[in-house]
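Positions are given from 1, in the same order as the sequence printed here. Below, each value reflects all heavy atoms present in this structure, side chains not excepted, and no hydrogens, waters or symmetry copies. In each ligand, atom 1 is the first atom listed, and ligand 1 is the first ligand listed.
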Amino acid sequence: MSATGEFVSDIKEIRRRARQHLSEGAVTQNYGCNAEDAVAMLNHAVATEIVCILRYKFHAVCATGLASEAVKEEFAQHAKEEEQHLDLLTERINQLGGKPNLNPDGVSSRAASEYAEGENLIDMIKEDLVAERIAIETYREMVRYFGDRDPTTRVLLERILAQEEEHANDMHDLLVTHEGRPMLEK
Ligand SMILES: [Fe+2]
Ligand SMILES: [Fe+2]
């Protein structure tokens, strides 16, 4: 059979399968991951984002000192962007037939990042940089997990990852500015 013929018979098979399991919505039979595992992993990221939103909001309100106005704005902007990440993740979980876990009980134990208040402006910036670096590592691992098996989730995670890298860079720049020396220590 020609390549075109094979494609046509595939289309017939795809049409047949599409009529089955309609309750699974966007999750079709050739979905490459285990949907439950995917949802569980995304729910860990949901908890991480919630912790990041709360930490940045605390920092945006509580940062004090002459130099802190611009930093407060940066913290507030990051809190907004972490909330956008949360929305993207919960919508994807819903598309995968799962339930976003927004239950406040146990959020910090499900999250990869920590809720650290910090004693002063430098501490706050450092804690945010640490949290961003944790987010970067976990999102990068998730991107590898989803790979070609679920390209939609992978692309979404890549978008979030790119923004977490920007956040880390912002925090690094603030740290250099406010500590007055480059961070050379390993
Ligand atoms: Fe985020
Ligand atoms: Fe971030």
Side-chain angles (χ1 to χ4, degrees), residues 33 37-63 67-96 98-147 150-179 182-183:
C33 297
D37 291 347
V39 166
M41 199 176 286
L42 293 173
N43 265 325
H44 279 288
V46 162
T48 297
E49 294 295 350
I50 293 171
V51 168
C52 289
I53 294 166
L54 296 175
R55 194 194 55 256
Y56 272 125
K57 278 188 178 289
F58 176 86
H59 289 175
V61 170
C62 294
S68 66
E69 276 315 306
V71 184
K72 280 181 169 202
E73 270 176 36
E74 191 85 40
F75 289 156
Q77 179 63 28
H78 283 202
K80 276 187 202 144
E81 287 165 356
E82 307 300 8
E83 193 175 344
Q84 289 164 2
H85 299 167
L86 176 67
D87 290 344
L88 290 169
L89 291 166
T90 53
E91 276 168 25
R92 185 59 185 156
I93 287 169
N94 184 256
Q95 282 177 357
L96 292 174
K99 200 170 76 165
N101 190 349
L102 294 170
N103 188 336
D105 287 345
V107 164
S108 61
S109 61
R110 293 196 298 274
S113 57
E114 293 168 300
Y115 180 85
E117 293 184 347
E119 295 286 308
N120 52 51
L121 193 63
I122 299 292
D123 262 10
M124 289 178 179
I125 298 168
K126 269 188 187 163
E127 290 299 340
D128 290 327
L129 177 55
V130 169
E132 295 295 352
R133 287 167 57 81
I134 291 168
I136 288 166
E137 283 226 2
T138 52
Y139 278 120
R140 204 174 276 141
E141 287 200 359
M142 288 170 74
V143 164
R144 287 197 194 108
Y145 171 83
F146 284 97
D150 178 347
T152 310
T153 303
R154 188 198 70 232
V155 168
L156 181 146
L157 294 170
E158 283 172 348
R159 267 174 66 194
I160 298 177
L161 171 60
Q163 199 154 41
E164 306 301 10
E165 289 181 356
E166 280 177 29
H167 288 174
N169 199 47
D170 292 342
M171 290 301 116
H172 176 263
D173 288 351
L174 285 178
L175 197 56
V176 172
T177 306
H178 292 276
E179 274 199 322
M183 291 178 70

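The Fe ion (ligand 2) lies at 2.8 Å or more from every N, O or S atom belonging to D128. Taking backbone and side-chain atoms together, E81 has no N/O/S atom less than 2.8 Å away from the Fe ion (ligand 2). With 2.8 Å as the limit, H85 counts as an N, O or S neighbour of the Fe ion (ligand 1).
Side-chain atoms of H78 and D128 include no donor-acceptor pair closer than 3.5 Å. For the residue pair H59 and E127, no side-chain donor N or O sits within less than 3.5 Å of a side-chain acceptor on the partner.
Within a 6.0 Å radius of CD in E137, no more than 12 heavy atoms belonging to other residues, nucleotides or ligands are found. Shown here is K57, whose NZ atom has no more than 12 heavy atoms of other residues, nucleotides or ligands within 6.0 Å. Within 6.0 Å of CZ on R133 lie no more than 12 heavy atoms contributed by other residues, nucleotides or ligands.
For the pair ND1 of H167 and OE2 of E132, the angle at the Fe ion (ligand 2) is about 90°; rounding is to 10 degrees. Considering the Fe ion (ligand 1) as centre, the angle to OE1 of E82 and to OE2 of E49 is 150° (10° rounding).
The atom of E164 that is an N, O or S and sits closest to the Fe ion (ligand 1) is OE2.
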